[in-house]
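Worksheet: the structure to be examined is printed underneath.
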Amino acid sequence: MRYWLMKSEPDECSIDDVLLRPGRVVPWFGVRNYQARNFMRDVMKPGDGVLFYHSSCAQPGIAGIAEVASAPYADETQFDPQSPYFDAASRRESPRWILIDVRALRKTRLLSLEDLRSDPALLDMLVLKRGNRLSITPVDTNHWHHILKTLA
DNA sequence: GCCAACGTTGGC
DNA sequence: GCCAACGTTGGC
């Protein structure tokens with residue numbers, strides 16, 4: 001079992017949005033970065049823990065707890081010419097973009113980016129590293145437990 | 001809106 | 001394979 005942090009723009013899909021969906025599940029569509037894709041395709045497994053992070057917003061930070069909820073499968077938006085995530089070079093028989101489903105477990109109080117940065121125990125969290133832009137990052141087990149304890 | 005940092009693209 | 005130009009991310 002592994003742990004992850006997944007960024008979502010709350011204007012697009014907030015933790016509240018996911019909690020309102022059938023089964024509280026959302027396909028994590030739109031990722032167009034190979035490293036993040038490879039995590040979903042090759043490493044993430046159903047049941048893995050997810051820190052649901054709100055990014056590109058007024059109050060960036062961890063907003064909820066979720067879990068990986070499916071095996072990897074093709075991101076449909078890559079085949080949709082109307083979608084901003086359309087990829088004309090991707091073939092149905094060998095899809096380039098792969099996703100997993102994410103199930104929201106609960107909303108938490110906002111653990112802000114400022115909170116995260118000011119906690120010495122989280123100093124080497126990947127998401128806090130300078131210049132980090134990756135939308136899916138692995139989270140160390142000790143960081144995961146520390147954050148859940150902080151939120152409790 | 002700014003801009004630092006990083007990923008991708010494409011000419012060579 | 002190099003690397004400059006360009007596009008994107010995401011905090012501020």
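All values below come from the heavy atoms of this structure, side chains included, with hydrogens, waters and symmetry mates left out. Lettering of chains follows the sequences in order, A, B, ..., and the numbering in each one begins at 1. All of these numbers come straight from a predicted model, not from anything done at the bench.
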(message) In this structure, how many angstroms lie between the P atom of C:dT9 and the CG atom of A:Leu5, rounded?
(response) 17 Å
(request) Report yes if a side-chain nitrogen or oxygen of A:Lys7 is closer than 4.0 Å to either non-bridging phosphate oxygen (OP1 or OP2) of C:dG10; otherwise report no. (result) yes
(message) Nearest whole Å is fine: how far is C:dG11 P from A:Asp11 CG?
(response) 12 Å
(request) Please state how far atom CZ in A:Arg32 lies from atom P in C:dG10, giving the value in whole angstrom units. (result) 15 Å
(message) To check you understand the geometry: which heavy-atom pair defines the closest contact between A:Asp119 and A:His146, and what is its length?
(response) OD2-NE2, 2.6 Å
(request) Calculate the interatomic distance between A:Ile136 atom CD1 and C:dG10 atom P; express it in whole Å. (result) 11 Å
(request) Would you kindly give the CZ-to-C1' distance between A:Arg133 and B:dA4, to the nearest whole Å? (result) 10 Å
(request) Look at the side-chain heavy atoms of Ile, Leu, Val, Met, Phe, Trp and Tyr, link any pair under 4.5 Å apart, and say whether A:Val50 and A:Met40 land in one connected group. (result) yes
(message) Whole angstroms only, please: what is the OH-P distance between A:Tyr85 and C:dT9?
(response) 8 Å
(request) Following the transitive rule for hydrophobic clusters with a side-chain heavy-atom cut-off under 4.5 Å over Ile, Leu, Val, Met, Phe, Trp and Tyr, establish whether A:Val139 and A:Leu148 coincide in one cluster. (result) yes
(request) Round to a whole Å and report the spacing from CD of A:Gln35 to C1' of B:dA5. (result) 14 Å
(request) Go through C:dT9, C:dC12, B:dT8 for me and flag the one nearest to the A:Leu113 side chain. (result) C:dC12
(request) Return each pair, listed once, that meets side-chain hydrogen bond (donor to acceptor under 3.5 Å, both in side chains) where at least one residue sits in residues 62-78 of chain A; pairs must be two or more places apart or across chains. (result) A:Arg32-A:Asp75, A:Arg32-A:Thr77, A:Glu67-A:Arg103, A:Tyr73-A:Asp101, A:Asp75-A:Thr77, A:Glu76-A:Arg92, A:Gln78-A:Ser90
(message) Can you see if the side chain of A:Tyr53 gets near the phosphate of C:dG11 - specifically, an N or O under 4.0 Å from OP1 or OP2?
(response) yes
(message) In whole Å, I'd like the distance from the CG atom of A:Asp87 to the C1' atom of B:dT8.
(response) 13 Å
(message) Checking contacts here: which listed nucleotide (B:dA4, C:dG10, C:dT8) is nearest the side-chain heavy atoms of A:Arg130?
(response) B:dA4
